[in-house]
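See below for the structure under consideration.
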Amino acid sequence: MIRNYFVIALRNIRRYKGHAGINILGLAVALAACTIIFLVLQHEFSYDQYHKHANRTYQLVRKDVYPDGDNFDIGMPFPTIRALRNDFPKIKFAEIFTSYGSQVTVMQNAETISNKKFIEGPGIIFAEPELFDMLDVKWLAGNATALNSPGLAAISRSQANKYFGDWKAAMGRYLKLDNNILIQVAAVMEDVPVNSDFPFQIVPSYKTFLANKDVFSYTASLDNWGGSSSNHQVYALLPEGSDAEGFNSRMPAFLEKYYPDKKNQPGKLYFFLNPLKNIHFDTRFGHNGDHVSSKTSLMTLALIGLLIILMACINFVNLSTALAVKRSKEVGIRKVMGGKKSQLRLQVYLETFVIVCFAALLGLGLAWFGLPYLKYIADIQQPLQLLNSGSITFILAVILATTVISGFYPALVMSRFQPVEAIKNKINTTAVGGISLRRVLVVLQFAFSQLLIVATIIAVSQMNFIRDADLGMDKEAVLLVNGNADSSFLSRQPNFEARLRQVAGIRQLSFALDAPSSDNSWTTNMAFDNDATDKDFHASIKMGDDHYAETFGLQLLAGSFYPPRDSTPEFVINETMARKLGYNNPKDIVGKTIRLGGGKWLPVVGVVKDFKNKSLRDEIRPTVITNNPKFQTTACIKISAANLGKTNRDIEAIWESVYPEYAYSSTWLDESIQNFYRQEERLSRLYKVYAGLAIFISCLGLYGLVSFMAVQKTKEVGIRKVLGASISSILYLFSREFTILVVVAFVIAAPVAWFLMNNWLSNFVFKISIGAGVFVLSIAASLLIAWITVGYKAIRAALANPVKSLRSE
Amino acid sequence: MITLEHISKWVTTAGLRTFLLKDINLTIKEGEFVSIMGPSGSGKSTLLNVIGMLDDADEGKYDFMGNQVHSMKEKQRSQLYKQYIGFVFQAYHLIDELTVYENIETPLLYQDTKSTERKAMVGDMLDRFQMVGKKDLFPTQLSGGQQQLVGIARALISSPKLILADEPTGNLNSRQGEEIMELFKKLNEEDGVTIIQVTHSEKNAAYGNRIIHLLDGRIEHPR
């Protein structure tokens, strides 16, 4: 009997090709979208879950409570771990120091460098061997004990292949980090899986860092509890059976005991453990991997997937119940032949199942085509495997769930047909639940599409706003050439500068810590006007030479920019700083003094107009600009548009001749600013894609509904035409209904969209306001799309010969 | 076999009852060949549907082979007619998506007959109606007479005790009609199948051994 049902299902698909096609296409698109979303979620939720001790591993983090908000950080003061080991002997701790980017030079032997040099991003992590009691890696050669000695390092397989041709040849070879730190390869590890936030590439022992701390400008004593940097992190492995709460509750006493100078801290300090399994989802903290994913945004994604598949199911229900009218005779006969309700329901479910299976196959194909494009809309750069045990289970589950959801209503309706009426073709559209259920379903679909349309328009306009926003500085055609902070590098800087100044295409040149708008944030406590107590806010620090203002087009409001560096440095501050210090007229603050951290009192010589320190998500911070050549290693070069390529090549050539042993790396300022908004850009692209899909699927649904109506209204249209109705009046008959549905959907969607997008925009300090235009555009687009979809069927119904439609009655 | 007592059926429009069947009393014995006649709208088909349990009466008692049909649930009734009754329709009512073979097989599927047994039974039936060569054709590829033969074959496949035929020759030309009526007669006489047919034609009615006249939902008793 089952075989018989399958045969009929296939024949029905062939017979009602149009309906089956719409059903299969809509479901396939939805299944493809869902499968891709599933793969993304599967990937994101698998981050660092695979470690054997993941449940007991934690990262120690800190929270500084300031009057103007909380500050979260993963950076720990250097003495922390010694104190922890002393006070918590049962807990295993490991500290790491991560260089967020270093130059790696391959050595021919311990003394001689080769010309193979690389700039590596995150992944160079100085670590104690205990770290690998917490995180699982597979050792190909050697093991973590190598990390007990200074000068030794573990290296990943692919880095080893890159540096030495073959990882098997890597053991015992030498590398030099940042032209200063000599390390010897003493272990090789398998590449870390992509679903880890610990992208180990080179792992020198932590003792190597301690021996070379000057290279990273940590000249201060490592016994200092006052400072911390996110480079330096502490991890903990709790013994079995103990929990983080117990540890956290002992932290206040711990801090009391070890923090001698806490009175000077403007904020209140907390330490607590953050579970390893949570790190990937915790947006409060910085991280070592390439991205964090907030659970909210992952859940939003899951919800979008769910809604997309529900929309496709709604289409299925709409089309199948419409088709049920046509198939009522068959159902009636089957009942007369003794078919039980349950048997008829089973048949509907099986037919649905066949269609869903076709859709799943097509959907997998679409997903396979779509997967390589995933990197443009999600933060996943590595290719994902379409078929794995998880995704296959998911697809099977979705097939079953979709079959049940889509088949339920048609099965119910069809099995309820009265056989006598069914046989006599007396079943009409009202007998299958009328049109009201379908109206509700279509309204839901359109509400969802319009929600996405509004979200897309707002996200895109916010991104455009950001792109064109006035940053208070000039970001165009500024090339940032990254340098190093070691003395050998800095000593050659005057030569480098002199040669750059001879290049014709260079309009401005400044050596600086970084650009005015940058991801870096260096803040410090400060005091003003010889007042002994610190202010209750931190100053953001920018460093640059005397050409800084002109290179970035900063506008002076009062005083002057500082002259070339002589013995005593001076400060230039921004408007916000002046205002925060109580000076609404910038002129009046010139000449007053500021003390940064524990430094000297130095005069304010000028005030510049506010520029955006960081992304537009952040407030403009009170800022001090000063000249401190020790940190000003980035050459900021403003280039004239003509001969851009040649100028670029000239700069690189000069670098190669001045710094032959340093690798050249440069970025365009506008691109690095654009990078602040990578997440948002992806989100807005994601919205675009899924809004498109939602619109497509709801159009299929609408098309289904209008064909349903065309069947239902055949007689009405026939009579009206016989009575002399024009084609346009019949088109109106059809479109009126859908216009109302779209408007109702809009009334539901608009407030929801407004609420959600306002919420999203609140992430930005600088943002567009949501105007009526967005909503007008959304409903106009929806109406247009609806009319186009309805048009074809309506015109066909209107043009049909009335004699035919009436005769069949 | 069949006893109807005071069977009435009506529809209510705007508070007014219109009777489709009114106070029908009827007994049909096993082995009879009964023809129901009457003008359009006299309630012939309704009566047939009530006897076939496809429709409920609003009032009265219906005894089918000792079963009180009027007090049965739909499921039990379906079980009953599945076992004993075969239907033949004026418009054949074959399933267009199924082949001749599959159409004939359908009732057996719903009776959970085993597949080997099914094959044998359908094969026999195709032989008997000389349609072996047409078994893979679809209904639309057959003439009306052939379609009705398939319809009858389908009705007979589960060896029913009673065949209900609603104007079985109504859509056929006279030669085809005669063939069908001959077939019914043979079934009745040789296999002892009870047959109740609705017909407009005196000639067809004459094939049976008893005629019931309906008018406005009542049985007209010969005076």
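Note that this is a predicted model, so its numbers are computed, not measured. By convention in this document, chain letters (A, B, ...) are assigned in the order of the sequence lines, proteins followed by strands, and residues within each chain are numbered from 1.
Residue-environment remark: CZ (A:Arg416) stays at or below the threshold of 12 foreign heavy atoms within 6.0 Å. Atom CD of B:Gln68 has more than 12 neighbouring heavy atoms from other residues, nucleotides or ligands inside a 6.0 Å radius. For A:Phe408, the CZ atom counts as loosely surrounded, since its 6.0 Å shell holds 12 or fewer non-hydrogen atoms of other residues, nucleotides or ligands. Residue B:Tyr81 qualifies as enclosed at atom OH: its count of foreign heavy atoms under 6.0 Å is above 12. Counting non-hydrogen atoms of neighbouring residues, nucleotides and ligands closer than 6.0 angstrom, the CG atom of B:Asn171 exceeds 12 such neighbours. Enclosure of atom OH in B:Tyr84 is not indicated, since only 12 or fewer non-hydrogen atoms of other residues, nucleotides or ligands lie within 6.0 angstrom.
Nearest heavy-atom pair across A:Gly338 and B:Ser78 is O-OG, 4.4 Å. When all heavy atoms of A:Met337 and B:Tyr110 are compared, the closest pair comes out as O-CD1, 4.0 Å.
Interface residue B:Glu105: only side-chain heavy atoms are found under 4.5 Å from chain A. In this structure, chain B has a heavy atom under 4.5 Å from the side chain of A:Leu344, while its backbone stays farther away. Using a 4.5 Å cut-off between heavy atoms, A:Arg14 does not touch chain B at all.
Listed by sequence position, B:Phe87, B:Phe89, B:His93, B:Leu94, B:Ile95, B:Asp96, B:Glu97, B:Leu98, B:Thr99, B:Glu102 are the residues of residues 87-103 of chain B in contact with chain A, using a 4.5 angstrom heavy-atom cutoff.
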| request: Evaluate side-chain contact (heavy atoms from CB on, under 4.5 Å) for A:Gln343 paired with B:Asp112, printing each intermediate quantity in order. | output: CA-CA 11 Å; A:Gln343 288 168 321; B:Asp112 302 325; 4.1 Å; yes
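The NZ atom of A:Lys335 lies 12.0 Å from the NZ atom of B:Lys82; values are rounded to the nearest 0.5 Å.
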